[in-house]
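One structure is given here, and the rest of the page talks about it.
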Amino acid sequence: MRVLGIETSCDETGVAIYDTGKGLLGHALFSQVDLHAEYGGVVPELASRDHVRKLLPLVREVMRRTDTHPRDLDGIAYTAGPGLVGALMVGACAGRALAYGWGLPAVAVHHMEGHLLAPMLEERPPSFPFVALLVSGGHTQLVDVRGLGDYRLMGESLDDAAGEAFDKAAKMLDLDYPGGPRLAALAEKGDPERFTFPRPMTDRPGLDFSFSGLKTYTLTTVRQYAQADGLPDEQTCADIAAAFQEAVVDTLVIKCRRAIRVSGHKTLVVAGGVSANKLLRTRLESRLREERAGVYYPRHEFCTDNGAMIAYAGCLRLQAGERSGLAVEVRPRWPMMELDGSLS
Amino acid sequence: MKILALDTTSGACSVALHCDGHTSEQFVRAERDHTRRILPMIDQVLGEAGVSLSQLDALAVGRGPGSFTGLRIAISCTQGLAFAADKPVLPVSSLAALAAGVRREQPHWDAAPIVAALDARMQQVYWGVYTADAPNASLWPEAVQDPQQMAQRLAQSSLPTPVYGAGAGWHYPELAQVPVAEVLVEAEIHARDIAELALPLWQSGAAVAAEDLEPLYLRDEVAWQKRQKIRSK
């Protein structure tokens with residue numbers, strides 16, 4: 001089975017083709033990062049406008065590069081949520097219409113399920129069951145994954161997502177958008193021991209997270225050391241970045257360890273934009289070794305949004321017999337636990 | 001000549017098939033339900049006529065102005081269909097379609113100029129002026145303006161009387177004093193008029209490839225706030 005996947009839920013236009021026999025055949029991505037940078041964040045209307053321009057050229061490019069003719073395809077998968085409503089509509093409508101035009105089945109894919117399954121595109125894929133840490137600008141969730149669609153929420157952020165906290169802290173330090181990776185880079189120049197930031201909700205049982213207090217603590221520290229222009233000196237900025245990153249990573253690692261113990265699973269899958277964070281990867285690997293659990297990630301380029309994970313997730317769902325009709329429905333807010341687990 | 005036309009620029013959702021001189025249409029007031037309605041409507045219109053996508057000469061679509069999110073639904077569907085069937089696309093002005101529809105429904109308006117206006121929100125209108133002779137092109141560039149500016153522009157113009165008005169943009173009280181013979185505020189955009197207007201566009205070679213199809217938003221300068229950096233490096 002060969003499936004074309006389309007992703008337009010936020011500020012990346014992604015297209016890919018996955019083949020059950022040959023694996024990922026090819027993928028193409030257009031990132032709008034530069035477009036949104038001057039606004040300091042994603043402007044939803046500009047994102048939607050750009051998807052209209054970029055989607056079909058990417059489809060043509062991936063079809064050409066993978067030498068795929070429409071008759072070679074067995075289905076089309078498109079992201080239907082969660083995400084920005086206008087952006088989702090572009091990919092969902094174009095994707096569903098393409099499938100109709102080519103006489104192919106189509107399937108609406110849950111964006112976070114795409115992230116969750118992305119590590120399965122790697123050479124050494126994890127196998128069910130596992131605990132998944134979904135950690136991005138929109139999500140911080142621990143999920144007990146028993147099979148395709150069989151997801152139980154173990155814990156989640158009660159306020160900001162971890163990636164959102166990274167971006168907001170970066171803004172406080174006057175870093176450019178997207179702030180998360182820039183803050184991580186700045187943290188490498190900092191002394192992680194000069195400041196100790198709180199590890200929210202780690203001193204009580206449970207698997208929920210909270211990052212808004214940490215954000216406030218960061219702001220207070222920035223103000224305390226601020227010079228005339230409102231910012232601390234460069235080294236202090238780097239030290240604050242390091243302390244912030246330490247606190248977020250430490251919190252995530254503590255909860256992941258706890259989730260592995262509670263679930264009894266021996267595998268942790270980490271996905272979403274923050275899964276690219278180097279410190280998080282290093283710490284998880286060393287601390288989970290103590291639990292005799294293995295950690296799996298997607299390759300770097302598939303940590304952020306992409307079409308490959310949508311093609312793959314869509315392929316599994318099409319194989320399981322799922323079909324989406326001609327009535328296109330996008331869901332900007334769509335809890336992953338509502339997915340149908342009876343397919344697995 | 002076979003053209004499939006789509007429009008979702010306003011609260012209505014419509015699909016029409018022009019098939020060798022005869023036009024059939026599906027039209028619903030969909031409000032926020034366009035994504036669910038449009039492809040089943042297309043399937044029905046094509047099915048009833050026994051026409052497949054591959055038999056079409058072209059697709060036509062209401063290219064705006066109108067609701068940003070709304071008009072992209074028909075644009076994206078058109079892109080998918082046209083790309084899949086390898087057909088060209090004829091982008092048609094939603095304001096021109098609004099005027100053409102009213103002219104079709106109001107024969108006594110004859111060939112008089114019709115001022116089509118859509119509510120652009122934020123106390124503004126999208127508007128243009130269309131004649132029977134050149135139904136696709138506004139007499140002056142389609143614009144997004146305050147109702148006062150529109151009233152002033154019309155007051156300064158030397159349009160032959162009578163002049164008629166159409167569309168929800170006319171609801172603004174600032175337009176009450178504009179000397180028009182009659183106004184149909186509740187007039188709506190129909191895909192059948194998109195299809196009709198696409199015919200002369202097809203003749204004049206105005207078709208574009210699916211990849212080059214772009215909405216016409218008119219409003220490009222929305223006050224998206226730019227980031228202020230403290231330290232520039």
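In what follows, chains carry the letters A, B, and so on, assigned in the order in which the sequence lines appear, proteins first and then strands, with residues in each chain numbered from 1. Side-chain atoms are counted along with the backbone in the values below, which use heavy atoms only and exclude waters and symmetry mates.
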Checklist outcome for this item: So, the part of B:Arg37 with a heavy atom under 4.5 Å from chain A: the answer is neither

Item to check | Interatomic distance, B:Glu211 atom CD to A:Leu55 atom CG [nearest 0.5 angstrom] | outcome: 10.0 Å

Next on the checklist: Could you check whether any side-chain heavy atom of B:Arg72 comes within less than 4.5 Å of a side-chain heavy atom of A:Arg49, counting everything from C-beta outward?
Outcome noted: yes

Checklist entry - What part of A:Pro70 is in contact with chain B, defined as an atom under 4.5 angstrom from a non-hydrogen atom: side chain, backbone, both or neither? => result neither

Checklist entry - Roughly how far, to the nearest 0.5 Å, is CD of A:Gln227 from CZ of B:Arg231? => result 5.5 Å

Item to check | Steps toward side chain to side chain contact (heavy atoms under 4.5 Å, CB included) verdict (A:Val330, B:Thr35) | outcome: CA-CA 8 Å; A:Val330 300; B:Thr35 61; 5.6 Å; no

Next on the checklist: For A:Asp229, I'd like to know if atom CG has over 12 heavy atoms of other residues, nucleotides or ligands within 6.0 Å.
Outcome noted: yes

Checklist entry - With a 4.5 angstrom heavy-atom cut-off, which part of B:Leu81 approaches chain A: side chain, backbone, both or neither? => result both

Checklist outcome for this item: To the nearest 0.5 Å, atom CD1 of B:Ile230 lies from atom CE of A:Met172 at 11.5 Å

Next on the checklist: Counting only non-hydrogen atoms closer than 4.5 Å, does B:Leu46 touch chain A with its backbone (N, CA, C, O), its side chain (CB onward), both, or neither?
Outcome noted: side chain

Checklist entry - Which one of B:Ile75, B:Ile73, B:Leu213, B:Leu39 has the most heavy-atom pairs closer than 4.5 Å to chain A? => result B:Leu39

Checklist outcome for this item: Nearest heavy-atom approach of A:Cys93 to B:Cys77 is CB-SG, 3.7 Å

Next on the checklist: Just to verify, which of A:Val59, A:Val90, A:Leu56, A:Leu98 counts as forming a side chain to side chain contact (heavy atoms under 4.5 Å, CB included) with B:Gln79?
Outcome noted: A:Leu56

Item to check | Which portion of A:Lys171 sits near chain B, non-hydrogen atoms under 4.5 angstrom | outcome: both

Next on the checklist: Only pairs of heavy atoms separated by less than 4.5 Å count here; which of B:Ile42, B:Ile38, B:Thr78, B:Asp43 has the most with chain A?
Outcome noted: B:Asp43

